[in-house]
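Here's the structure we're looking at; comments come further down.
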Protein chains: 2
Amino acid sequence: MKLKSFEHFNCSLAQTLSVIGEHWNMLIIRDAFFGLRRFDQFQKNLGIARNVLSDRLKKLVKAGVLAKSDGPGHAEYRLTQKGLALQPIMIAMTHWGDTYMPHPEGKRLTFIDRANGKPIKTVGVYSADGKLLKPKEIMTKTGPGLRDEQA
Amino acid sequence: MKLKSFEHFNCSLAQTLSVIGEHWNMLIIRDAFFGLRRFDQFQKNLGIARNVLSDRLKKLVKAGVLAKSDGPGHAEYRLTQKGLALQPIMIAMTHWGDTYMPHPEGKRLTFIDRANGKPIKTVGVYSADGKLLKPKEIMTKTGPGLRDEQA
DNA sequence: AATTTAAGTTTTATAATAAGACTATACTGA
DNA sequence: TCAGTATAGTCTTATTATAAAACTTAAATT
């Protein structure tokens, strides 16, 4: 049957998944972070079927993550502000894969602070005063946008 | 045709997606963070079809994200260390959804430091000395685990 | 022994995906 | 100008994945 969409959950995580949760989307977004902008660049780099890429780019534009513009003789897709804001997610996911599903020869990619060439801090959960928190040191509080539906 | 799996990409992000990228997986993991442990708890809370839940729990156990144990008269699924390490991703995704696809009445969930009741810092990318970095202030360096395949 | 609870599996109809062929449009060089 | 090429798609077909509900199995309860 139809793949259940998460859009109608009143849940911030499900909302996010409705945009980036589809197969390929996060890899397309990563490629956009690495500077790819054109249909065929994405297609060749990922090996994605053209119709699927076409559909995903359309959806990502509609969701406001990418913006389409006309370059000289070709279309261009660039990350919007909303798309750029996905960077912590992208980096956290890359870091988790590097740590828990490592390549035998070592790290694949390191993210660097352009200003000083030093690696960035591990993406993690930090307390207001900057201490790295462990999973069980964190709890949740419900806000006005949530009644007794799902979190 | 067969859904292309990302397992064989030499890419940390694709590796992560091969574990958490499937439909429902991240919501199952979130529910596990919120303390759910049993088949029917997940099933009822998410409204997921039973066969799909069965398959996903099996895969998450196989991937080492959840561990299955026998409780009194029922099975239990708990996050492993590897699963707990997904928390920054989960929180970053929740935060993005809250910011860019907000509920009209306000925040749905806030994450709190258990020690002092204060909200955690925004999950983001920080420099070695603790400054919040903008997307374009970050670059990447390839490591030994990466030849000239994809990032 | 019969009922209930829990955790799945099976079945069936529908929807999504991959692969490659095909199309439309604009640019390029002779 | 006109053939050729690059780019960005769309269309077709076969296959695979999903959802929903009914069914099964096993243990605990009454």
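Order of the sequence lines fixes the chain letters, A, B, ..., with proteins taken first and strands second; residue numbering starts at 1 for each chain.
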May I have the distance from [X] (atom [atom1]) to [N] (atom [atom2]), rounded to whole angstrom?
X: A/H23; N: D/dT18; atom1: NE2; atom2: C1'; result: 14 Å
X: B/K59; N: D/dT18; atom1: NZ; atom2: P; result: 6 Å
X: B/F6; N: C/dT17; atom1: CZ; atom2: C1'; result: 11 Å
X: A/I28; N: D/dG9; atom1: CD1; atom2: C1'; result: 14 Å
X: B/I48; N: D/dA20; atom1: CD1; atom2: P; result: 10 Å
X: B/E76; N: C/dG8; atom1: CD; atom2: C1'; result: 17 Å
X: A/K44; N: D/dA8; atom1: NZ; atom2: C1'; result: 12 Å
X: B/L53; N: C/dA7; atom1: CG; atom2: C1'; result: 10 Å

Under 4.5 Å between any side-chain heavy atoms of [X] and [Y], yes or no?
X: A/W96; Y: B/I89; result: yes
X: B/L27; Y: B/D31; result: no
X: A/Q15; Y: B/Y100; result: no

Short side-chain N/O contact from [X] to OP1 or OP2 of [N], under 4.0 Å:
X: B/K4; N: D/dA17; answer: no
X: A/R38; N: D/dA6; answer: no
X: A/Y77; N: D/dT7; answer: no
X: A/W24; N: C/dT17; answer: no

Exercise. Would you give the length of the straight line joining atom NZ of B/K107 to atom OG of A/S12, rounded to the nearest 0.5 angstrom?
Key: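 OG of A/S12 is found 7.5 Å from NZ of B/K107.
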Quiz item: Rounded to the nearest 0.5 Å, what separation is found between the OG1 atom of A/T94 and the CD atom of A/Q87?
Solution: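 It is 9.5 Å, given to the nearest 0.5 Å.
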Side chain of [X] - closest among [options]:
X: A/R56; options: C/dT9, D/dA20, C/dT17; value: C/dT17
X: B/K58; options: C/dA16, D/dA8, C/dT9; value: C/dT9
X: B/F39; options: C/dG8, D/dA8, C/dA18; value: C/dG8
X: B/D40; options: D/dT18, C/dA19, C/dA7; value: C/dA7

Exercise. Classify the side chain of B/R50 and the base of C/dA7 as holding, or not holding, a donor-acceptor pair under 3.5 Å.
Key: yes
Practice problem: Map B/N51 and A/R37 onto DNA chain D by nearest heavy atom, then report which one ends up closer to the 5' terminus. | Solution: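 With B/N51 and A/R37 compared, the 5'-side residue is A/R37.
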